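Written out below as structure tokens is the structure these notes cover.
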Amino acid sequence: MTAIAEAPMVQAFEQRRDLPQILTQHQVRFFVENGYLTVEDLVTPEEVEELRQDTVRVARGGYPCDTIPPVAVETSDREVLENILCIHQPHFISPVMLRYVRHAGVCGVLSQITAAHLPWWDGSVKCMQSMLFVKPPQFQGQAWHQDEIYIPTRDRSLIGGWIALDDATIENGCLWIIPGSHRPGYLYPQRAHNNPDEFDFAPESYGFDETVEIPVEVKAGTVVFFNGYLLHRSRRNRGGVYRRVLVNHYMNAWSLLPWSINEGESVATADRRCVIQAAGEDPYAWKGYDKPQHNVWLRTCKAIQDRQ
């Protein structure tokens, strides 16, 4: 681990961060019981537009980055965006995306619900991942999955903060969820879905009743929060408009993050420290922080090949 506690960005995140709490106890209870919560207008129209514009800048290579070199000036924004399903970790290169990881309204909600199932949780939250979904028309969705399969926590506190940058509808590939599927804390097995026209390359979870799924259709500016054990998926974008989303993943700051296990560690001691404090305090600030890679990762899908 490379400690960079002296860096200005990290020093700012080491301070305790207390935020206004806007949810009612009924909303908190709804999240604990159902595993998801939608909060309308949490992000303003002006903020949504700022994120849309920064999506274009990231995709055009507007920030120094090995994986997205600058594109030619004559290339239109549409041409740049039409081949991208998702950009992983945009906050590694974009100060705008980094700022929205710590959005006061979003993080205020997170300070109330992230680990509300734990009796002595103090509202401290950290972020480890951002994902910027562009999802142009005809692009596939993601098959059934649980986020904790990919980002394990020690206390079932993983939570997604899904910021809608466009109206998300059934037609353009909104989220579908199974309410309450997080409750057992059971990670379902996975297999190949064999449906590349509908879903991207990631495997699907199986072994549960799919008939109880519900769509989560929301307006731009709405934030959908969902627990890491909640079963969810999205279908192909069958509409004529994009379904852009910035989803950041958070967890209880008191939980270790055994995202990977290095030599000399065990599952009980592994703790990846490329994290950002979102709310409350960072009890492990004394460990220092892993320096983010100055890079992002692109996810494409079969829709690109279909166009060629």
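What's counted below: heavy atoms across the whole structure, side chains too, no hydrogens, waters or symmetry copies. Remember, predicted model here, so these are calculated numbers, not experimental data.
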Minimum-distance pair of heavy atoms, taken over all atoms of [X] and [Y]:
{"X": "A270", "Y": "L256", "value": "O-CB, 3.8 Å"}
{"X": "N252", "Y": "K126", "value": "O-CE, 3.8 Å"}
{"X": "P137", "Y": "G239", "value": "CB-O, 3.3 Å"}
{"X": "H182", "Y": "N34", "value": "CE1-C, 3.3 Å"}
{"X": "A116", "Y": "V32", "value": "CB-CG2, 3.7 Å"}
{"X": "V245", "Y": "A164", "value": "CG2-CA, 4.4 Å"}

Requested in this report: Examine K287 relative to Y284 and say whether NZ or CZ is less than 6.0 Å from the centre of the six-membered ring and inside a 45° cone about the ring axis.
Outcome: yes
Query - Cation-pi check, R236 onto F199 ring (under 6.0 Å, within 45° of axis) - result: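 No, R236 does not lie over the aromatic ring of F199.
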[X] with [Y], same ILVMFWY side-chain cluster at under 4.5 Å:
{"X": "L19", "Y": "I163", "answer": "no"}
{"X": "V28", "Y": "V39", "answer": "yes"}
{"X": "V80", "Y": "L298", "answer": "no"}
{"X": "L187", "Y": "L257", "answer": "yes"}
{"X": "V224", "Y": "I22", "answer": "yes"}

Query raised in the report: Stepwise, does the side-chain contact (heavy atoms from CB on, under 4.5 Å) test hold for E198 with Q140?
Result: CA-CA 5 Å; E198 193 71 29; Q140 286 86 346; 5.7 Å; no
Requested in this report: Step through the shown structure and confirm whether more than 12 heavy atoms of other residues, nucleotides or ligands are within 6.0 Å of CZ on R29.
Outcome: no
Report task. Can you establish whether the number of heavy atoms outside E40 located under 6.0 Å from its atom CD is more than 12? Result -> no
Report task. With ring-ring contact (aromatic ring centres under 6.0 Å, His included) as the test, would you mind laying out the steps for Y186 and Y188 before giving the verdict? Result -> CA-CA 6 Å; Y186 179 72; Y188 287 89; 4.8 Å; yes
Any salt bridge between [X] and [Y], counting N to O under 4.0 Å?
{"X": "E204", "Y": "R191", "value": "yes"}
{"X": "R52", "Y": "E47", "value": "no"}
{"X": "R235", "Y": "E213", "value": "yes"}
{"X": "R57", "Y": "D77", "value": "no"}
{"X": "R272", "Y": "E265", "value": "yes"}

Atom pair [atom1] ([X]) and [atom2] ([Y]), whose distance is rounded to the nearest 0.5 Å:
{"X": "E82", "Y": "Q138", "atom1": "CD", "atom2": "CD", "result": "12.5 Å"}
{"X": "R183", "Y": "L230", "atom1": "CZ", "atom2": "CG", "result": "10.5 Å"}
{"X": "R154", "Y": "S255", "atom1": "CZ", "atom2": "OG", "result": "7.0 Å"}
{"X": "N295", "Y": "C65", "atom1": "CG", "atom2": "SG", "result": "4.0 Å"}
{"X": "M131", "Y": "F133", "atom1": "CE", "atom2": "CZ", "result": "3.5 Å"}
{"X": "Q146", "Y": "L158", "atom1": "CD", "atom2": "CG", "result": "11.0 Å"}

Check whether any side-chain heavy atom of [X] sits under 4.5 Å from a side-chain heavy atom of [Y], and report yes or no.
{"X": "L85", "Y": "K135", "result": "yes"}
{"X": "L165", "Y": "T55", "result": "yes"}
{"X": "P179", "Y": "I177", "result": "yes"}
{"X": "W286", "Y": "D282", "result": "no"}
{"X": "H249", "Y": "C127", "result": "no"}
{"X": "C274", "Y": "Y289", "result": "no"}
{"X": "L51", "Y": "Y100", "result": "yes"}
{"X": "N195", "Y": "D197", "result": "yes"}

[X] side chain to [Y] backbone, donor-acceptor under 3.5 Å:
{"X": "H193", "Y": "D200", "value": "yes"}
{"X": "T114", "Y": "L110", "value": "yes"}
{"X": "H117", "Y": "D155", "value": "yes"}
{"X": "S181", "Y": "L231", "value": "yes"}
{"X": "Q190", "Y": "H145", "value": "no"}
{"X": "H91", "Y": "V101", "value": "no"}
{"X": "N237", "Y": "V241", "value": "yes"}
{"X": "S124", "Y": "E281", "value": "yes"}
{"X": "Q277", "Y": "A279", "value": "yes"}
{"X": "D290", "Y": "R273", "value": "yes"}

Verify whether one side chain among [X] and [Y] offers a donor that lies under 3.5 Å from an acceptor in the other.
{"X": "D271", "Y": "W259", "value": "no"}
{"X": "Y250", "Y": "Q129", "value": "no"}
{"X": "Q53", "Y": "E49", "value": "yes"}

Query raised in the report: Taking it one step at a time, do V216 and V218 satisfy side-chain contact (heavy atoms from CB on, under 4.5 Å)?
Result: CA-CA 6 Å; V216 185; V218 297; 3.9 Å; yes
Requested in this report: List for me each residue that meets side chain to side chain contact (heavy atoms under 4.5 Å, CB included) alongside Q27, sequence neighbours excluded, and say none if there are none.
Outcome: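 So Q27 forms a side chain to side chain contact (heavy atoms under 4.5 Å, CB included) with L23, T24, L37.
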Report task. Verify the ring-centre separation between F92 and H294: is it less than 6.0 angstrom? Result ->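 No, the ring of H294 stays outside the 6.0 Å limit from the ring of F92, centre to centre.
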Report task. Keeping to residues at least two apart or across chains, list the side chain to side chain donor-acceptor pair (under 3.5 Å) pairs with something in residues 160-170. Result -> D166-R244, T169-N172
Requested in this report: Check the pair D147 / F226 against side-chain contact (heavy atoms from CB on, under 4.5 Å), numbers first and verdict last.
Outcome: CA-CA 10 Å; D147 289 343; F226 54 97; 3.2 Å; yes
Requested in this report: Decide side-chain contact (heavy atoms from CB on, under 4.5 Å) for I159 and S157; before the verdict, give the C-alpha distance in whole Å, the side-chain angles of both, and the deciding distance to 0.1 Å.
Outcome: CA-CA 6 Å; I159 183 171; S157 66; over 6 Å; no
Requested in this report: Hey, could you give me each pair passing ring pair (Phe, Tyr, Trp, His ring centres under 6.0 Å) that has a residue in residues 28-71? Not counting sequence neighbours.
Outcome: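 Passing the test, one end in residues 28-71: F30-Y36.
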